[in-house]
A.B. asks: 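I'd like to ask you about the structure that follows.
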There are 2 protein chains.
Amino acid sequence: MSALTIALDVMGGDHGPSVTVPASAQALSLYPQLNLLLVGDELQLKPYLQQYQLFNHPRVRLVHASQVVTMDDKPAYALRHLNDSSMRIALNLLHAGEAHACVSAGNTGALMGMARHVLKLVPGVERPALTTSLPTVSGGKSVLLDLGANVNCTPEHLHQFALMGSVVAESVHGIARPRVALLNIGVEQNKGNEEVREAAARLAVDARVNYTGFIEGDALFAGQADVIVCDGFVGNIALKTAEGMVRLLSQSGAQTRSPYANWLQWLLRRYMRRRLSHLNPDQYNGASLLGLRGIVIKSHGRAEICAFFNAIEQAIAEVDRCLPVQIAQRFESHTYTGA
Amino acid sequence: MSALTIALDVMGGDHGPSVTVPASAQALSLYPQLNLLLVGDELQLKPYLQQYQLFNHPRVRLVHASQVVTMDDKPAYALRHLNDSSMRIALNLLHAGEAHACVSAGNTGALMGMARHVLKLVPGVERPALTTSLPTVSGGKSVLLDLGANVNCTPEHLHQFALMGSVVAESVHGIARPRVALLNIGVEQNKGNEEVREAAARLAVDARVNYTGFIEGDALFAGQADVIVCDGFVGNIALKTAEGMVRLLSQSGAQTRSPYANWLQWLLRRYMRRRLSHLNPDQYNGASLLGLRGIVIKSHGRAEICAFFNAIEQAIAEVDRCLPVQIAQRFESHTYTGA
């Protein structure tokens, strides 16, 4: 195994190889130490590999997979019957030590189930969490988790998410003693449901976490916390609401009859896109499945080339920081030791 | 009692009478049939009433209240000990038939608790729901509920919210057979938590509701549904996330050295504000507390004059449509009868 090898499920996502292959080519040209295991249907992949000069590329290995996990496949079905799928084989390669990380844009539930089955959890973690780093107004990053891996969370789960999120904020974003907040419907102590209130009580007495209190939805991008913890149902809806709003505002307005007005509108739209660009979902594509004994990155199913490339970069960054090892150490330690 | 009388808790909200009194003056000048019962501390109110020519106004009656519910008061405390608060007296006036509706920008939990205690629920409704009408991209409106009145909801509660939301969409927005959707983390049948899935099963077999399926957070403003149902925890966070995003994008950028660039920026900000204006929280301020035997409108605590005025207008619209009567009729009927 070379310095840095990533196994890619090239068949996953809405666009499959037409997005994953050019994104791979981009990553290979920018990261000279990077090796890729492209897992997918050989016949389907070949024309793309030829088109992007990845056929017989010294740092690319094509690994054939006869099956594909579709978006409609239930996790249990995928786990039982799709053992020769590109997703499963990519995870197997990671587990076998042939790759340092795995990236897929496929079915989230199936990826979760398979990853948990193949890789197993870090001791102390009861549930893996899907997490992403949101851009903040101040130009920083906030780690948000969970994004939909767990629809029902106990206070213990939320507590564990806070620990894992803190490790990401420290080691990936370089923040010493990251501020951890719980997403809630008010900032007062008595607000919210039982799970959130009990999680707050647990976090307040854990010296490994720099817990700062509740924050509300309108502070999500405000940079008030470095780690924002919530259950997967809430996190998924909050993130998608924000994404929908950005997409809505980047859409073009109606054309008018005046060429001057049209020009002004074009100018304004361009400006708006630029102002919005750092909040664009494409820019922060690549959600990590934290808590596993291996690095698994879930790309958005809709991801375009640039977004899928970002997911590969996310994997590289986590390999660089040995994230699973750090998370395991944090769960072993009983006192907070800093970044 | 005259044609249209509204009881206002003028002490509520972050700004109190400095916002509620000018908003009242605006409403009185625009609605000649409107009478207002301004409930609050007489001494504190007088200067404001004089300033806005509402002192001895023929359509204004000042009702003294010696107490105020603060944002920190717990609902149970407010219910037991703040019987002479402006909020409580405004609700009492509604209950006594002296007003047709009540508007307050005060503590949501206290307002909920007091309103439920004073007015009681419509038969068949187990929990009142906080609801607002979101503007959609297509220029329409979607009714969103619950917004935070209920942090934990059973499938039965969500079902009842769907019924109440349908009545609002029909009678306030004039939509025949409004499309009802459940907010979820995916559109496939197996997605989400048990509550949402069971609510979906109930709605699918209720002929009174035109249930169309799940929608995700990014479709919140897309106009895909006329009524969007979720529990109060999720609804509150989704709405506030969207609000935070709009506020964030309306903020000004950094000043540059070039006067031309600054002018362009100013122009662009102005355009952006206009594009965003119909999504501005101020424009849809005024959340209805549905399911009560009376019309209660909760204004945002941060509401400015224009926003509080919108809340008064919301009350007027609901009085016009006899909303509580219509909701009661819908819960009595066993088959859907249309708008």
Side-chain angles (χ1 to χ4, degrees), chain A residues 71-72 74-75 108-109 136-137 147-152 183-186 188 190-197 215-222 230-249 251 253 264-265 267-272 274-276 279 281, chain B residues 71-72 74-75 108-109 136-137 147-152 183-186 188 190-197 215-222 230-249 251 253 264-265 267-272 274-276 279 281:
Chain A
M71 288 301 185
D72 299 324
K74 292 206 177 158
T108 311
T136 66
V137 203
L147 299 177
N150 310 284
V151 289
N152 295 304
L183 190 58
N184 199 355
I185 61 169
E188 300 84 2
N190 60 331
K191 285 290 168 77
N193 55 32
E194 218 173 290
E195 287 76 25
V196 168
R197 285 198 302 262
I215 64 165
E216 296 189 67
D218 54 359
L220 214 52
F221 294 88
C230 57
D231 74 47
F233 197 94
V234 168
N236 181 288
I237 283 172
L239 186 66
K240 285 196 180 147
T241 299
E243 286 177 3
M245 191 58 108
V246 170
R247 219 169 281 131
L248 175 69
L249 297 173
Q251 278 166 7
L264 201 63
Q265 260 207 18
L267 202 72
L268 299 165
R269 274 204 308 277
R270 223 179 59 144
Y271 169 81
M272 197 129 87
R274 212 167 38 200
R275 266 223 71 189
L276 291 172
L279 294 172
Chain B
M71 289 301 185
D72 299 323
K74 293 207 175 157
T108 311
T136 66
V137 202
L147 299 177
N150 310 283
V151 287
N152 295 306
L183 190 58
N184 199 355
I185 61 169
E188 299 84 2
N190 61 330
K191 285 289 167 76
N193 56 31
E194 219 174 290
E195 286 76 26
V196 168
R197 285 198 302 262
I215 64 165
E216 296 189 66
D218 54 359
L220 215 53
F221 294 89
C230 56
D231 74 47
F233 197 94
V234 169
N236 182 289
I237 283 172
L239 186 66
K240 284 196 180 148
T241 299
E243 286 178 5
M245 191 57 107
V246 170
R247 218 169 282 130
L248 175 70
L249 296 173
Q251 279 168 7
L264 201 64
Q265 261 207 17
L267 202 72
L268 298 165
R269 274 205 308 276
R270 223 179 59 145
Y271 169 80
M272 198 132 83
R274 212 168 37 200
R275 267 223 70 188
L276 291 172
L279 294 172

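Here is the naming used below: chain letters follow the sequence lines, and residue numbers restart at 1 for every chain.
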A.B. asks: Quick one: of Val196(A), Asn184(A), Asn190(A), who has the most non-hydrogen atom pairs under 4.5 Å with chain B?
C.D. replies: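 The answer is Asn184(A).
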
A.B. asks: Rounded to the nearest 0.5 Å, what separates atom NZ in Lys240(A) from atom CG in Leu183(B)?
C.D. replies: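 The CG atom of Leu183(B) is 10.0 Å from NZ of Lys240(A), to the nearest 0.5 Å.
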
A.B. asks: Heavy-atom distances under 4.5 Å only: say whether Leu220(A) touches chain B with side chain, backbone, both or neither.
C.D. replies: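 Side chain only.
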
A.B. asks: Return the minimal non-hydrogen interatomic distance between Gly232(B) and Ile185(A), and the atom names on each side.
C.D. replies: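 Shortest heavy-atom separation between Gly232(B) and Ile185(A) comes out as O-CG2, 4.3 Å.
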
A.B. asks: Picking from Leu147(B), Asp231(B), Val151(B), Asp72(B), which has the most non-hydrogen pairs under 4.5 angstrom with chain A?
C.D. replies: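 Among the listed options, the one with the most contacts to chain A is Val151(B).
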
A.B. asks: At what distance, to the nearest 0.5 angstrom, does CG of Asn152(B) lie from CD of Glu194(A)?
C.D. replies: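 Rounded to the nearest 0.5 Å, the CG-CD separation comes to 8.0 Å.
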
A.B. asks: Please name all residues satisfying side chain to side chain contact (heavy atoms under 4.5 Å, CB included) with Thr108(A), sequence neighbours left out, ordered by chain then number.
C.D. replies: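 Counting only residues at least two positions away or on another chain, Thr108(A) forms a side chain to side chain contact (heavy atoms under 4.5 Å, CB included) with Leu130(A), Lys298(A).
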
A.B. asks: Which atom names give the shortest non-hydrogen contact between Ile237(B) and Ala238(A), and what distance separates them?
C.D. replies: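 Closest approach of Ile237(B) to Ala238(A), heavy atoms only: CG2-CB, 3.9 Å.
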
A.B. asks: Who passes side-chain hydrogen bond (donor to acceptor under 3.5 Å, both in side chains) against Asp218(B), sequence neighbours left out?
C.D. replies: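 Once residues adjacent in sequence are excluded, the partners of Asp218(B) under the side-chain hydrogen bond (donor to acceptor under 3.5 Å, both in side chains) criterion are Arg302(A).
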
A.B. asks: For the interface with chain A, which of Glu216(B), Glu188(B), Met71(B) has the highest count of heavy-atom pairs at distances below 4.5 Å?
C.D. replies: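 Winner by heavy-atom pair count: Glu216(B).
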
A.B. asks: Looking at Gly192(A), Gly148(A), Gly235(A), which has the largest count of heavy-atom pairs under 4.5 Å with chain B?
C.D. replies: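 If we count pairs closer than 4.5 Å to chain B, Gly192(A) comes out on top.
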
A.B. asks: Does any backbone or side-chain atom of Asn193(B) lie under 4.5 Å from a heavy atom of chain A? Answer side chain, backbone, both or neither.
C.D. replies: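 Contact with chain A involves both backbone and side-chain atoms of Asn193(B).
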
